[in-house]
Amino acid sequence: MQHKLIYILLTLASVITYGQVNLSLDADKAEYAGKDIVNLTIVLELNGSDLVQQTGFQLPDLSKFNIIGSGSVTNTVIDPATNTLITQKISRIALEPKKKGKIKIGSVLVTVNNKIYKTEPFDVNVKEFVEKKSLAGNTSNDVYLNMEIEDREVYQDQPTIAVLKVYSRNMDNLRKVKNIHLPQQDNINVHPINFNRSEIDPTNSGNMASQILAMFMVFPNEAGYVEVPGVSASVNSHSSKNKIVSNKIKLNVKKLPEGAPDCFKNAVGNFNVSVYNATKEKPEAKKPMNVVVKVSGEGNLPDMELPKIAASPDYEIFAPKITSKVSPGTTGMKGVILASYVIIPKKSGAISIKTEQFAFFNPENKEYIDLGQETLALNAFSHEQVLEARSTVEKVNEYTNNLLETVNTPVLKTTSFKVKEKSKFHWNILLTNIVILLGLFVAYLLFKTWQKKRTLVRENAPSKSLGSVAETEREIKELLKTDINDYFSYLENLKDNGEYEKFFETLEELDEEVRGQYFQGSVSEFKTFLENHKGSSLAEDYGKLQQKIQIEKYSPVKSVEALEELLKTIVNLYSQISK
């Protein structure tokens, strides 16, 4: 009878445990500081061999967190007492809060044997956190920097805005924070928005006043978890100067979606591309012209790879000059970047100048946009066609200009004399003129006397030695030496007056004069002479200068800034050569 009772109890226990499902979701604690990691644990326990998990864990909305990591493990055991299969699946998720305050964590769902099980939602409290890095020797009035980034989950090359704040218990210390250095790292590009200080907020937690010091954009250029280094600044006091550093922030950088066009490089945002001819004159074969590729829009504009002009056998391309006008926008850096190319058509007739294919990723629409190629159609004229196309007025003006530049014509000036009536004779003017004439006559006599004495001294002086051959050669070089400072002043005047053709002609005369000082005829011979007697560095600089002069000389659009830089290089180099 006793054995039967035990058997009945065991049967009832197995029936009670048969088919039991337990699902739970817990956090490791209820309150967290700003930099603490929230660890969630999901446990699913299946008691019974006939229970089948049909779906994985369906997580709640975790958009208010950055997912740092996750992992899971499954354990299967058989209870020897009840001969029941027990399957236990445990998953751990590590989260980094994006915001402060109460954050609700929803339910986890799972389907077992066509039945949906879920956990109960709960709240976690994230307190505001300021990383305290105190100043040495200033324990009573500490100053702290804190960097805040609201959106920590972005695409590669998509910007996120960072705000730098300073905290202190003494508001007077806030104005002592200076010399802010934004973070620099290979996997991020940083562009400042402003360094305008906000009004002081005295109502922060912990009886600390705060103030916004700066705002800047961070462009992560690689996918994965990217750590933004801290911002540094100095605190200047009467007795010392201390350095403080803010906290670091980790970004979850999403990889760009698949399906990018072959021409996509790294442009993220919204952009437009155009190409146009900036030269006012008609395109002429074998004559340089200025073609500009214009890229406008908003995004990672300063850091992206610009579309280039495609190579072609119809024209020759030189390296572009990049100019940009960019300012912070709402979704990135916005503005215009101009790439100015010098292009020389190799033939006359129709020429098509094309850019490389260009595509960008729009993070708002989450799609790639292929703009294709931009084309500039030109008709290059031969030199004879350009001359024939000129009007009669243009031909007369050119002939007149050439005549005035090449022929020295006298300048005639006519003056009309009129006899003034009732003119009165002034004796004072007559006496003044007589006194001036007498003074000039006395000065002439004194000069003649001094000249005679000087001639006698020269005749009585001993004859000067002819000296050695080296001394004679040195004297000849001194006589041949050109005062290049006069050339420098003249070149400066020509540049300021816009006489660019005369500027380069004078520059050639200067180069010939300097080469003549060392009895060198050609540029290549002079370069070899400099390398042997002045050093290879100076010879290399001379060769680069000659190339730069040729580029600026044949550039269709003359830039005042480029000529100023060229003139500075000329003054520096020729001054070293003529020493």
Side-chain angles (χ1 to χ4, degrees), residues 31-38 65-66 68 96-101 126-154 159-221 225-253 328 333:
E31 289 189 351
Y32 298 88
K35 286 190 65 177
D36 288 350
I37 303 300
V38 178
F65 299 90
N66 292 320
I68 303 300
E96 183 183 25
K98 292 182 180 179
K99 298 182 178 180
K100 312 296 184 295
V126 180
K127 295 182 179 180
E128 186 172 1
F129 175 78
V130 178
E131 186 176 357
K132 298 184 178 182
K133 294 191 176 183
S134 60
L135 299 174
N138 190 14
T139 56
S140 59
N141 297 314
D142 293 337
V143 182
Y144 315 112
L145 287 179
N146 189 53
M147 179 172 54
E148 299 176 1
I149 296 180
E150 188 72 20
D151 190 6
R152 301 190 186 184
E153 186 172 319
V154 293
T160 183
I161 297 177
V163 180
L164 180 66
K165 287 186 177 181
V166 58
Y167 292 82
S168 179
R169 291 184 176 84
N170 186 357
M171 283 193 283
D172 185 54
N173 288 333
L174 301 182
R175 63 179 179 84
K176 299 178 182 178
V177 180
K178 299 178 181 178
N179 302 324
I180 299 171
H181 295 283
L182 300 181
Q184 293 182 354
Q185 202 165 264
D186 292 338
N187 56 359
I188 61 171
N189 297 312
V190 177
H191 297 280
I193 298 176
N194 63 66
F195 289 93
N196 301 329
R197 298 193 177 214
S198 67
E199 297 291 333
I200 296 177
D201 183 8
T203 59
N204 278 283
S205 59
N207 297 323
M208 297 183 70
S210 68
Q211 185 181 35
I212 295 177
L213 295 181
M215 297 178 67
F216 54 95
M217 286 186 182
V218 179
F219 292 80
N221 53 42
Y225 290 102
V226 176
E227 186 176 70
V228 180
V231 181
S232 64
S234 61
V235 180
N236 299 329
S237 61
H238 296 291
S239 58
S240 61
K241 181 179 180 180
N242 300 286
K243 182 180 179 181
I244 53 176
V245 182
S246 73
N247 57 304
K248 302 177 182 179
I249 291 182
K250 185 173 289 187
L251 301 178
N252 181 19
V253 184
M333 303 298 291

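This chain uses plain numbering: 1 for the first residue, then up along the sequence. All figures in this text were calculated on a predicted structure; none of them were measured in a lab.
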Could Glu96 and Arg152 be called an ion pair, given the rule that one side-chain N must be under 4.0 Å from one carboxylate O?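 Yes.
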Between [atom1] on residue [X] and [atom2] on residue [Y], distance to nearest 0.5 Å:
{"X": "Arg169", "Y": "Tyr144", "atom1": "CZ", "atom2": "OH", "answer": "5.0 Å"}
{"X": "Glu199", "Y": "Ser210", "atom1": "CD", "atom2": "OG", "answer": "11.5 Å"}
{"X": "Arg197", "Y": "Leu213", "atom1": "CZ", "atom2": "CG", "answer": "5.0 Å"}
{"X": "Phe216", "Y": "Thr160", "atom1": "CZ", "atom2": "OG1", "answer": "10.0 Å"}
{"X": "Asn194", "Y": "Met215", "atom1": "CG", "atom2": "CE", "answer": "6.0 Å"}
{"X": "Ile212", "Y": "Glu148", "atom1": "CD1", "atom2": "CD", "answer": "8.0 Å"}

Side chains of [X] and [Y]: closer than 4.5 Å at any heavy-atom pair?
{"X": "Val235", "Y": "Asn173", "result": "no"}
{"X": "Tyr225", "Y": "Asn252", "result": "yes"}
{"X": "Leu164", "Y": "Leu145", "result": "yes"}
{"X": "Ile188", "Y": "Pro229", "result": "yes"}

Write down the atom of [X], the atom of [Y], and the distance for their closest heavy-atom approach.
{"X": "Pro159", "Y": "Met217", "result": "CB-SD, 4.2 Å"}
{"X": "Ala214", "Y": "Phe195", "result": "CB-CD2, 3.6 Å"}
{"X": "Lys178", "Y": "Arg175", "result": "CE-O, 4.0 Å"}
{"X": "Val190", "Y": "Pro183", "result": "CG2-O, 3.3 Å"}
{"X": "His181", "Y": "Val231", "result": "O-CG1, 3.3 Å"}
{"X": "Tyr167", "Y": "Leu174", "result": "C-CD2, 4.2 Å"}

Donor-acceptor under 3.5 Å ([X] side chain, [Y] main chain):
{"X": "Asn247", "Y": "Met147", "answer": "yes"}
{"X": "Ser168", "Y": "Asp142", "answer": "yes"}
{"X": "Gln185", "Y": "Glu227", "answer": "yes"}

Just to verify, what does Ser232 make a side chain to side chain donor-acceptor pair (under 3.5 Å) with, not counting sequence neighbours?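 Ser232 satisfies side chain to side chain donor-acceptor pair (under 3.5 Å) with no other residue.
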For Asp186, which residues count as a side-chain contact (heavy atoms from CB on, under 4.5 Å) partner, sequence neighbours excluded?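 Asp186 satisfies side-chain contact (heavy atoms from CB on, under 4.5 Å) with no residue once adjacent residues are dropped.
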Determine, step by step, whether Val143 and Val166 satisfy the side chain to side chain contact (heavy atoms under 4.5 Å, CB included) criterion, reporting the C-alpha distance in whole Å, the side-chain angles of both residues, the deciding distance to 0.1 Å, and the verdict. CA-CA 7 Å; Val143 182; Val166 58; 3.5 Å; yes
